[in-house]
Amino acid sequence: MAQYTTVNGSVALITIQNPPVNALRAAVREGLFNAIQKASSDPLVRSVVLSGQNGTFCGGADIKEFGNVSSMSGPLLVEVFALMETSMKPVVAAIEGFALGGGLELALACHYRIGHSKARVGLPEVNLGLFPGRQVIAGEALKLGLLDRVTDHNTVDTALAFAKSVEGKPLDNRRLGNRPCPPLENMDAFFEEAMKRVRSRARGASAPVVCVQAVRGAATLPFHKGMELEKVLLGTLFNSGQAQASQYCFFAERAGARWSMPSGARWDTCRALSISTAAVIGLGTMGRGITVALARAGLSVVAVETQEHQLAEAQRVVSHMLKGGGQVSYSSDLQAAAEVDLVVEAVFEDMALKEKLFKLLSSICKPGTLLATNTSTLDIDRLASCTRDPQLVVGMHFFAPAHMMRLLEVVYGPRSSPEAVATAMQLGKRMGKVSVAVGNCPGFVGNRMLKPYLEQAYFLLEEGATPELVDAALEEFGFPMGVFRMTDLSGLDVGWRIRKEEGLTGPDVPAGQPTRSRHGHRYSPLGDLMCERGRYGQKSGRGWYLYDKPGGRVARSDPWLRNFLEEYRVRNALVARPIHRQEVLERCLYAIINEGFRILDDGIAASPQNIDAIYVFGYGWPKHRGGPMFYAGQVGLARVLEGLERYHLAHPDVPHLEPSSLLRRLVASGSPPIHKWNQMVKGHRSQL
Ligand code: COA
């Protein structure tokens, strides 16, 4: 856990050993404590170097222990830090790889810090619902005073030589607690401004706000008082649901890598195909982003677009985004895809067009080429059936902008081979994405859950709400933008096109006709009516809001919309009623959650963690609320069920509000914790 050796006669070398990231779990803390004591009492030792094994200094406290702080054993981290800081012999940190969170605090408790030039240091715990902030690379850390020296050579050797050179030198001004904080002019105004900015960006997350309070304490109070304040603040954060939610997200983000398929195939038994060349077909917004993402991952990409003017425009935009990096060639001929290892199709969301394209690709591409579609909702298996090798067809559902958004849904059909899934998952990793393997159904996981969410938002408008009211409630909850601002951004016409494919849209028939019902269920044609009036959202300068120009970003309320909604209600004999934000939240969020339970029960997602990763990394669900399924557990499954029952009673013609059978079963069995939900799933497969 902490190996102790002596080098050069007088230097004790302590090496933290806890793969993969040398997290500071109980045994490590104990090992460090004992090793420092040993060095202090050994008369031959005159200095100490602290390093981590395998080129990694330390990834911080063990996040797995956070879930159960009360049962933590061994010395506390602060006790280890205090022992090091008060040591009479100089302790030098040799930082390779990273020193993050508690790992950086450990380095700061040393008297000197030597970092490799590629090392990263920082306090990223704000991402875990704790304070403070960002990571920096060694050069910047040196400027900030976090490091004393940066080296390109062997860091441990440099630190050993350095330790020898400072043996016997006074340590008082090297102890962090003794260093004064430089005075700041207009301290009050500075912190008030900082607090205002952080609050507006935090969207309801407490950690960044508490962080400002802690920094203020550090800058204004004596060291020990500042430490006491920090302890109190950290205690409140630790016990908040937000910290638990964020820590859950840390593991949910990584859980997708351990994917499995209902056939039993899994991440550790399938070999990915080797992919070095790719073709992207269709260079609209998505195709351009995908081209950039693949090129940045080191693939040689041929970007194909049959419309010449679109091709020229894409070439300009992609080159600009890549800034000269990446290998991309352009073609208007599908034959350019003949020799590639992977094709990603990103044409219009039109089944007939995609079927035709897959048939063509299947005859053009060399045997063994993986064919991926970027569809956001269409049937992967239907596309696979147009090809020679249906086992080599998968969905790779990117999110706009594809070169920036972290999420990738990898969709497998009943005939997709495990190797094809493994290949797409590995490619996701190469592109730095959070990849989640999901089954084939309309909308897969993300968009299937989005549908009832949008539906509720539209129904709320019909019943008397405004886009402003609905969006404000959702933004206050923590979404970066409410549902109406989001659909304005992504374009109302996208869903309209899909609904047309599904045969749901129709003319705005006169009063008295059943415009608000389809196939016996309640249906809101509001989105269709908006599109029929050319209101596509930001792209047309008007949607649920008004924008200064087509493509403009600043949303303003639109009096036209108020009239439009009033006329719509009159036409449909609807009487507007006051709607409270609590109802907005419950109906929108419970509808998402309910569909999530159905998706789990259908085996489309392998675990609630996977669903949550999709919502946090692809749909803006606030991290400090852990994802819809985790949030349901925090609210209480019985309360969610009761809410759904109440709303379904009030809206019996809305099937999405009818509580899912899995939710009912979970509540009936006493609402077990989230990691046990899979045991209650219909076709239960092992929890990975
Ligand atoms: N505690 C417990 N487990 C940790 C951990 C920590 N502090 N940091 C990483 N791990 C685990 C991960 O869960 C992962 O486990 P898995 O392989 O079972 O999924 C494994 O270590 C490797 O981590 P991963 O993130 O996949 O590796 P990486 O090389 O891409 O990144 C880090 C390494 C350290 C940069 C990244 O893991 C990280 O940011 N960790 C959190 C750092 C932090 O916030 N520390 C503050 C705690 S006070």
Could you tell me whether [X] and [Y] make a salt bridge, using a distance below 4.0 angstrom between a side-chain N and a carboxylate O?
X      : Y      : answer
Glu475 : Arg203 : no
Arg216 : Asp188 : yes
Asp268 : Arg266 : yes
Glu140 : Arg134 : yes
Asp148 : Arg174 : yes

Between [X] and [Y], does the ring centre distance come in under 6.0 Å?
X      : Y      : value
Phe57  : Phe98  : no
Phe399 : Phe617 : no
Trp621 : Phe477 : yes

Backbone N/O of [Y] and side chain of [X]: donor-acceptor pair under 3.5 Å:
X      : Y      : value
Asn610 : Ala605 : no
Ser87  : Lys89  : yes
Asn54  : Pro19  : no
Gln634 : Gly241 : yes

*For residues Leu322 and Val292, report the shortest heavy-atom separation together with the two atoms involved.*
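Reported closest heavy-atom pair: CD2-CG1, 3.9 Å.
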_Can you give me the closest heavy-atom contact between Lys164 and Asn8, atom names plus distance?_
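Heavy atoms only, the tightest pair is NZ-O, 3.2 Å.
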Is there a side-chain contact between [X] and [Y] in this structure, where contact means two heavy atoms from C-beta onward sitting under 4.5 Å apart?
X      : Y      : value
Leu408 : Met425 : no
Arg179 : Asn173 : no
Asn34  : Ile36  : no
Asp612 : Ile674 : yes

*Excluding sequence neighbours, so at least two apart, what forms salt bridge (charged side-chain N to carboxylate O under 4.0 Å, His left out) with Arg46?*
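If we apply the salt bridge (charged side-chain N to carboxylate O under 4.0 Å, His left out) test to Arg46, skipping adjacent residues, the hits are Glu167.
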*Would the number of heavy atoms belonging to other residues, nucleotides or ligands and lying under 6.0 Å from CZ of Arg296 be above 12?*
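Counting other residues, nucleotides and ligands, CZ of Arg296 exceeds 12 neighbours.
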*asked:* Taking the six-membered ring of Phe250 as reference, does the cationic atom of Arg254 (NZ for Lys, CZ for Arg) lie under 6.0 Å from its centre and within 45° of its axis?
replied: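 Satisfied, under 6.0 Å and within 45°.
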